[in-house]
Amino acid sequence: MIQEDKIIIEGIVDEILFTNSSNGYIVLELDKGDGFVTVVGELGNIEVGEELSLTGKFVQHPRFGSQFNAEICTRKLPETSVAILKYLSSGVIKGIGSTLAKRIVQEFGDKSLEIIENEPEQLLKIKGFTHKKIEEVSIEFKRIYGIRTLMIFLSQYGIQPSIALKAWKKWGQYAVDVIKENPYVLCEYGIELEFEKAEQVAETMEHPKDSESRVRAGVFHILLQNTFSGHTCLPYDRLMSTAVKLLEVSEEKFDECIKNECTENNLVIYEKENRRFVFLYDYYNAEQYIAGRLNVLNSFMKDSEYDYSRMIDIEESSKTITYAEQQRKAISLALSKGFIVLTGGPGTGKTTTLKAIISLYEQRGLKVQIAAPTGKAAKRISDLTGYDAKTIHRLLEVMFDNSGKPKFKHNETEPLSCDVMIVDEMSMVDTLLFEALLRAMKLSCRLIMVGDSDQLPSVGAGNILKDMIDSGKLSVIQLTEIFRQAQQSCIVTNAHKIVNGDNPDLTRTDNDFFFMQRLDVQIASETVVDLCVQRLPNAYGYSSTDDIQVLCPSRKGPLGVVEINKALQFAINPPEKKKNEIKGIYYTFRDNDKVMQIKNNYDIVWKKDGESGTGIFNGDIGNIVKISKNEGRIVIDFEGRIAEYTSEMLEQLELAYAITVHKSQGSEFNVVILPLLGGFEKLYYRNLLYTAVTRAKKMLIIVGSKNVVERMVANNRRTLRYSCLKDMIDKELG
C-alpha cells in the first residue's frame with residue numbers, strides 16, 4: 001500500500017550521474033517520455049537503458065532544484081531494440097562495447113537479451129565473438145541478472161539494495177533460495193538485517209513461528225542488543241524470560257535452541273556463583289583469552305628481588321623532581337614485574353609516574369609503545385608525556401577477511417615489535433578490543449595499564465579495568481595523594497570530593513569550577529548557548545567549537561544532546577545561502593558543522609599528510625569541510641584525517657556542539673559546560689558526574705540545580721554489566 005504522500009513515476013534510465021557500490025546509492029537521470037527527472041536513492045546497481053517504476057516523493061534541493069527521492073524500485077530489463085542498444089552500449093556487460101552492441105541488436109532485435117541469457121551460442125553468428133568470449137559474457141550476464149532478481153525479490157519487503165548486495169556476496173546465485181528457506185539468515189553477521197525486519201519477511205512467507213531458525217535468530221538478537229548495553233553475557237534465566245516473551249515460544253523450545261547452539265559452538269554456557277550465563281562465542285572466547293593471558297603476564301618476568309631505587313634516584317635528579325612513595329612503588333613494580341595496573345584520580349601524578357616508567361624502560365634499551373582507545377585520548381597522552389601515541393585500532397591495523405568482517409593485521413602470527421605496551425584510558429577499552437591487543441603482543445612484551453576506574457565504563461561490552469582491579473589478584477597501584485599544584489584547582493578537589501561521596505563546593509567564583517543556578521529549563525538552555533557563543537569567547541577568548549564542549553547526561557529532553565545541539569548550531573553556524581546543507585535523521589548538517597561519528601566504521605578511507613588508512617570510530621569528532629549534495633558526498637576533517645561520507649552514511653553522524661558524558665570518555669576539553677536540570681533519574685549518579693567534571697582542563701561550569709548535583713553525589717549506583725571476566729581471572733590465578 002502506497003502512503004498518501006508517495007507517488008509512482010516510470011521511465012527509462014538515460015544517464016548515471018553518481019554511484020556508490022558499497023551501499024547501492026545512486027543519482028540518475030530518468031527519461032519519463034515527457035521529460036527528464038533527477039532520481040536519488042539507495043536503488044542498487046542500475047544501468048543505463050533499464051526501465052524503472054519508482055515509488056517516492058519529489059523534494060526541493062536549494063541548489064539543484066527538484067529531485068525525486070526514490071524509496072522503492074521495481075525494475076525490468078529493457079525490451080525494445082532502442083532501449084536494449086542503449087543498455088548494452090553502456091558497458092554493463094564486460095566484453096560488450098558499443099560496436100558489438102550494435103551488431104547484436106541488428107541481428108536479434110527485441111530478442112537480444114533473451115538470446116544472451118538462454119541461447120548464448122547464437123552469438124557466434126556475430127563477428128567478434130568466440131566460444132571463450134561467449135562463455136565470459138554469459139557468466140557476466142547471469143551474475144548481473146541474478147543481483148537484479150535478488151534486489152527485486154527483497155524490495156517487495158521494503159529491504160534496501162545494500163542488504164541485497166551483502167546477501168549476493170555471501171550466497172551468490174543461491175541467495176533467493178537460501179532466504180526463502182530461512183529468512184532469518186538475513187540477520188547473520190555480514191548482512192545484519194534488523195531482527196524486526198526479518199520477522200516481517202518471515203511472516204509474509206508464513207515461516208513457522210516456533211521454527212528453530214526463528215528462535216535462534218531471536219536469541220542472538222537479544223544477546224547482541226545487550227552487548228550494546230555493555231553486557232558480554234546474560235544470565236540463563238533472564239535470557240530465557242526475555243526470549244520466551246519476545247518470541248512467544250515455550251521454555252522447552254528455548255532450552256532446545258540453546259543446547260543445539262552450544263553443541264555447534266555458537267553459544268557458550270558458563271557457570272558462576274551457582275548461576276549459568278550465556279555468551280555469544282566471540283565474547284566468551286575473548287574473556288577466556290584475557291584471563292589466561294593476564295595470568296601469564298602476572299607470573300612472567302618476576303624480577304621482584306631487584307632494587308630499582310638507585311635508578312629512580314638518578315631519574316629524580318636528572319628531572320629535578322621528587323616522586324612520592326606511591327609513585328616510587330609504581331615505578332619499581334612496573335620495571336621489576338613488567339605488568340601493573342596504575343590507577344588514580346586527577347592530580348595524583350599518574351602522568352608523572354608514567355613518564356618516569358617510559359624513561360627508565362628506554363634507558364634499558366627497550367622499545368616502548370603508547371596506545372589509547374580514541375584519537376583524542378592518544379593525542380592527549382602524547383602531549384602530556386612527549387612520546388608518540390597511537391589509537392589501538394591504528395596500532396593493530398584494521399584489515400578485512402573474505403566475508404568483509406574486520407580483523408587486525410597484527411596478532412599472534414604477526415605481533416607488534418614493541419617490548420613494552422602502555423595503554424592509557426583503560427576504563428574505555430572494551431572486551432573485544434583488549435583481546436585483540438593482547439593477541440598482538442609478543443609473549444615477552446610488558447604491559448602497563450593506566451586508567452581511572454571511577455569513570456564510566458567502556459562504550460563497548462565489558463568492564464575490563466574494574467574487573468581487573470576487583471579481582472584482587474593482579475598488581476594494582478592506586479595513587480591517592482593529590483599534589484600541591486593540583487590542590488589549587490577546584491576541578492581537581494571537587495572531583496575527589498564527588499568520588500568520595502562529598503558534595504562539591506558550588507560557592508566559589510574565583511577559580512576554575514563554577515555553578516550557575518537556573519531552575520527553568522528554557523532559561524538554562526539559553527544560558528548554555530550564551531556561555532558558548534558570547535560570554536566565554538568574549539571574556540576569555542575561547543573558541544565556541546575548539547575549546548568549549550557541552551556535555552549532557554541524556555540525549556533526550558530540552559537540555560539533552562539533540563535539542564542543545566540544534567540551539568547551538570543555530571547560534572554558532574546558522575543557515576546562509578552560501579552554505580551547503582544536507583538533511584540527516586535528527587539534524588540538518590551544514591558546511592563547517594562540528595560533528596561526531598557515533599559507531600565504529602572500519603571501511604571509511606581517510607587521508608592525512610600523504611598517508612592513508614581506514615576506520616573512523618565511535619566518538620571521533622571532526623568538522624564538515626564540504627557538502628556536495630548532488631554527488632551525495634560529505635568531506636569531514638577528523639583532526640587532520642580527511643574522510644569522505646555518502647549521504648546514506650549520515651545516520652552514523654551527529655552534531656557535536658553538545659555530546660553525552662558517555663561519549664566524552666577519554667577526551668579533555670579546555671572548557672566543559674554541564675547542564676543538570678530535569679527528570680533523568682537513571683542518569684543522575686555519581687560516576688557520571690565525576691566523569692563529566694574530570695573532562696575539563698581549565699574551566700567547568702554547571703548550569704542547573706544544586707539539588708540535582710547533590711542527588712548525583714549521593715547516588716553511588718554503578719551501572720550493572722554482566723560479565724564473567726573477574727571470575728575467570730580468579731580461577732586462572734588461583
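Just so it is clear, the values below take in all heavy atoms, side chains as well, and ignore hydrogens, waters and symmetry mates.
By the side-chain hydrogen bond (donor to acceptor under 3.5 Å, both in side chains) test, Asp593 is found to be paired with Gln569, Asn573, Tyr657, residues two or more places apart in sequence or in another chain being considered.
No more than 12 heavy atoms of other residues, nucleotides or ligands shown are found within 6.0 angstrom of NZ on Lys698. Around the CZ atom of Phe570, the shell of radius 6.0 Å holds no more than 12 heavy atoms that belong to other residues, nucleotides or ligands. Under a cut-off of 6.0 angstrom, the local environment of CD in Glu203 is sparse, with at most 12 non-hydrogen atoms contributed by other residues, nucleotides or ligands. With a 6.0 Å radius and a threshold of 12 heavy atoms from other residues, nucleotides or ligands, Lys379 has its NZ atom at or below the threshold.
A salt bridge links Glu425 with Arg380: the closest approach of a Lys/Arg side-chain nitrogen to an acidic carboxylate oxygen falls below 4.0 angstrom.
Between Asn226 and Tyr722, the side chains place no donor N or O within less than 3.5 Å of an acceptor N or O (distance only, hydrogens not considered).
Just one of Ser458, Ser427, Pro457 meets the side chain to side chain contact (heavy atoms under 4.5 Å, CB included) condition when paired with Leu465; it is Ser427. Checked against Phe669 for a side chain to side chain contact (heavy atoms under 4.5 Å, CB included), the options Gln549, Lys697, Met699 give a single hit: Gln549.
With Thr694 contributing its side chain and Tyr690 its backbone, the two residues share a donor-acceptor pair below 3.5 Å. Between the side chain of Lys579 and the main chain of Arg590, no donor-acceptor pair closer than 3.5 Å is present. Under a 3.5 Å cut-off, the side chain of Asp512 and the backbone N or O of Ile491 do form a donor-acceptor pair. Using modelled atom types, one side-chain atom of Asn565 and one backbone atom of Val561 make a donor-acceptor pair closer than 3.5 Å. Although no hydrogens or angles enter the test, the distance criterion places a donor-acceptor pair under 3.5 Å between the side chain of Asn538 and the main chain of Gln534. Asp591 contributes a side-chain N or O that, together with a main-chain N or O of Asn580, makes up a donor-acceptor pair within less than 3.5 Å. Remark: the backbone N or O of Gln522 is not paired with any side-chain donor or acceptor of Ser525 at under 3.5 angstrom. Side-chain atoms of Ser544 come within 3.5 Å of backbone N or O of Cys532 as a donor-acceptor pair.
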